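To start, the structure under review is shown below, and the notes come after it.
Computed from a predicted model, the values in this text were never measured in an experiment. Every heavy atom of this structure was used, including side-chain atoms; hydrogens, water molecules and symmetry mates were not. For the single chain, residues carry numbers from 1 onward in sequence order.
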Amino acid sequence: MSARRSALAAARWGGRIVDRLLERPRAVLNGLIAAQIAATLALALSVAHNGWVWFQGGDQIWMTTTGWLLGGRELPPTEIGYLWPAVQAPVTWATGPTYVQALPPLVLAQVLVLGPLALLCVYGIAARIGGRLLGYWASLLWVVAPFAAIPLFVDRYHERWIEQFLPQALGLTAMADFPSMVLVLAAVLFVVRSLSPGRVTDAVLAGVLIGAAAALKPPNLLVACGAVLAYVVARRWREGLACGAAILPAVIVLLLWKVRGLGEIPAFALEQTRLAAGSGPLALDLKIDRYLDLDVEHWRLQMGQLREFFWSARLAQWAPVAGLIALLRLRRGAIAALLGGWLAAFLVVKGFSERATIESGSFWRLLMPAWPAYLLLVAAIPLLVPTLARRLGDRVKPATSTSLAPRWIAVAAAATVLLPGIAIALSTPLGKTQQKNVVQDFESGNILSPVDDGVQLDVRRDGSSRRLTWTDGGPWRADVFYRVYRHDGPGDDTICLQSGNIAWYCLLHSEPIATTRSLSFTDEHAPPTATYRVGVGTNWIDDPEAGDVFAFSLPVAVRG
């Protein structure tokens, strides 16, 4: 048999296999979901971790503490979005006030529920670009891309990518980044669906989901830039107005959240106000460059770091452009505007920010809500092959679907707007004399931390020394250490400052004097008058010298 005949036979055989797969989307997608869960489990077990604690980006303590307080109808300073604390509130009823205790249900929900939903959204968007075949291809890329990128980075960068970014990208943390990405992705799916005639209900749900994404992390509202461009290009004015109107309820609840917890509206961004002990009443910085920092030199530096650590910076930079050209060739102009506007908005606002650095790995996390747009554009590149789309025929014909049932809009609105709004309205801002949390103050920011009744401290005189013993608290889902704090002299070990006539920040005004894994400590150099407190800490590498304290005991004062 000639080589030509062999090639033709192989092509026909491959075509038959593809056609059979196209007839079984449920089986294919279930297989991809299983592969995704298995790959996530393999990564979770293979990278450095401490029990249920993988590398966290830094805001998880503040978020879970806020959720725990909201679950008790109390509002701390509301510097973050409301939806992720609202989700965690009922979880903390069962687990306790700390993120370490809440991690198992949060991780399982993200890996087993949100992860598959994200894959289905990728498939749904791609299928409306180039049929089920492109949907399969994009879904496959979604599963393998995080791992396929590993060998494209130099060896010295693997810790940043594998151990620090991938756990966050796959939902192994208590932070809002992964849920944000999934909500943004789901919103984009319904924007794409609403580009078809007579799809106002899809547009309304898209708006509800965009609002929910903003309620998780206010910068997620940037995805609306892509949605606006898509509706303009498609000339779907009614759907665009419906989507915009549906965003407003979540924004109104977000405003209520800010006003109730802060007394004012600083901006729609996850930026924590820097607090300085002893600085007096707090003033929130409202300068626009705090939220939109277009630092071109910083961007050039990051692209230089991309060349340093990645196999081909040019390939990474131009791949989405090639995908946009492919979409335009297929006459998918509205979807091209959607994906391009979505990606560009996050690159400009987040990628140019000094907080986003490739060397530290924060660049990837801050841009997580936009990475699905990048992947979908890359998935479209094969359609640039001349005559390929024509040869594939109906295999790349855009998928269609029926209009959305209105009841799903009601379900989404109730879960993301109505119930959290009621909880916020019924909650009371914490006062100056509360003892349920303290704020740890650092040069780089601050952390709202819970006071856990399970950690009970006892201080007894032992000659000129002080003997401290405490209960272990928990149960913790990781190995922990204990840090002993001491405030010398009379007075409280916190300094409480107020902002906006509402928000009280009770800053911990003690110094750490020891770190131990035991449940006791003897202070050999105890002053006559002091206030002690014990903090519980952990981190992904189980290093007592690193990581943040995630819970504190009540203070115990000792008088001379």
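- Inter-residue side-chain proximity for Leu254 and Pro218 is flagged as met; some heavy-atom pair is nearer than 4.5 Å.
- Taking CZ of Arg332 as the reference point, atom CG of Leu338 lies at 14.0 Å (rounded to 0.5 Å).
- Interatomic distance, Arg160 CZ to Phe153 CZ, rounded to the nearest 0.5 Å: 12.5 Å.
- Counting heavy atoms from C-beta outward, Leu170 and Gln36 have side chains that stay 4.5 Å or more apart.
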Take Asp548 and Ile61, measure what side-chain contact (heavy atoms from CB on, under 4.5 Å) needs, and give me the verdict at the end. CA-CA 9 Å; Asp548 295 315; Ile61 300 174; 3.7 Å; yes
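- Side-chain contact between Leu106 and Trp84 is present, with heavy atoms from C-beta onward closer than 4.5 Å.
- Side-chain N or O atoms of His298 include none that pairs as donor or acceptor with a backbone N or O of Thr357 at under 3.5 Å.
- The two atoms that bring Leu70 and Ala86 nearest to each other are CD2-CA, 3.9 Å, heavy atoms only.
- Checking side-chain atoms of Asp202 against main-chain N and O of Arg193 turns up no donor-acceptor pair under 3.5 Å.
- Side-chain contact between Asn539 and Asn50 is absent, with no heavy-atom pair separated by less than 4.5 Å.
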Quick one: do Leu172 and Thr40 satisfy side-chain contact (heavy atoms from CB on, under 4.5 Å)? Show the steps, please. CA-CA 9 Å; Leu172 299 176; Thr40 303; 4.2 Å; yes
Leu152 vs Phe310, side-chain contact (heavy atoms from CB on, under 4.5 Å): CA-CA, chis, key distance, verdict: CA-CA 6 Å; Leu152 300 181; Phe310 194 67; 3.5 Å; yes
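- The backbone N or O of Leu43 sits less than 3.5 Å from a side-chain atom of Ser46, completing a donor-acceptor pair.
- With hydrogens and angles ignored, the 3.5 Å screen pairs a side-chain donor or acceptor of Lys258 with a backbone N or O of Thr78.
- Closest of all the heavy-atom pairs between Ala118 and Trp142 is CB-CZ2, 3.8 Å.
- Taking the side chain as every heavy atom from C-beta outward, Cys121 and Val182 never approach each other to under 4.5 Å.
- With values rounded to the nearest 0.5 angstrom, Leu189 atom CG is found 9.0 Å from Leu209 atom CG.
- Between the side chain of Tyr231 and the backbone N or O of Ser194, no donor-acceptor pair lies under 3.5 Å.
- The main-chain N or O of Gly130 is never found under 3.5 Å from a side-chain atom of Lys397 such that the two would form a donor-acceptor pair.
- Using bins of under 30°, 30° to 60° and over 60° for the plane-to-plane angle, the ring pair Phe352/Trp299 lands in the parallel bin.
- The OG1 atom of Thr173 sits 9.0 Å away from atom CZ of Arg365, with the distance rounded to the nearest 0.5 Å.
- Side-chain contact check for Trp342 versus Leu185: some heavy-atom pair is nearer than 4.5 Å.
- For the pair Trp257 (side chain) and Ile424 (backbone), a donor-acceptor distance under 3.5 Å is absent.
- Atom CZ of Arg329 is separated from atom CG of Leu327 by 11.5 Å, given to the nearest 0.5 angstrom.
- Between Trp371 and Trp364, the ring-plane angle classifies as tilted under the 30° and 60° cut-offs.
- A salt bridge links Glu297 and Arg300; the closest N-O separation between the charged side-chain nitrogens and carboxylate oxygens is under 4.0 Å.
- How far OG of Ser180 is from CG of Leu216: 4.5 Å, rounded to the nearest 0.5 Å.
- Looking at every heavy atom in both residues, Glu163 comes nearest to Phe55 through O-CB, 3.4 Å.
- By the 6.0 Å contact criterion, CD on Glu359 is open, its count of non-hydrogen atoms from other residues, nucleotides or ligands being 12 or less.
- Residues Lys350 and Leu366 come closest through the heavy atom pair CG-O, 3.9 Å.
- Checking side-chain atoms of Gln164 against main-chain N and O of Ile162 turns up no donor-acceptor pair under 3.5 Å.
- Thr201 approaches Ser403 most closely through the heavy-atom pair OG1-OG, 3.1 Å.
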Under 3.5 Å, side-chain donor or acceptor atoms of residues 375-393 against the rest of the protein: list the pairs with distances, not counting sequence neighbours.
from   : atom 1 : to     : atom 2 : distance (Å)
Thr387 : OG1    : Arg391 : NE     : 3.1

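- The two atoms that bring Tyr82 and Pro420 nearest to each other are CE1-CB, 3.5 Å, heavy atoms only.
- Between Asp177 and Met368 the shortest side-chain heavy-atom distance falls below 4.5 Å.
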Please evaluate residues His158 and Ile150 with respect to the criterion side-chain contact (heavy atoms from CB on, under 4.5 Å), reporting the C-alpha separation (whole Å), side-chain torsions for both, the decisive distance (0.1 Å), and the verdict. CA-CA 7 Å; His158 281 181; Ile150 293 173; 4.1 Å; yes
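- Counting heavy atoms from C-beta on, the side chains of Pro372 and Val184 never come closer than 4.5 Å.
- Side-chain atoms of Trp311 never come within 3.5 Å of backbone atoms of Pro151 as a donor-acceptor pair (strictly under, hydrogens ignored).
- Counting only distance, with no hydrogens or angles, the side chain of Gln60 and the backbone of Tyr99 share no donor-acceptor pair below 3.5 Å.
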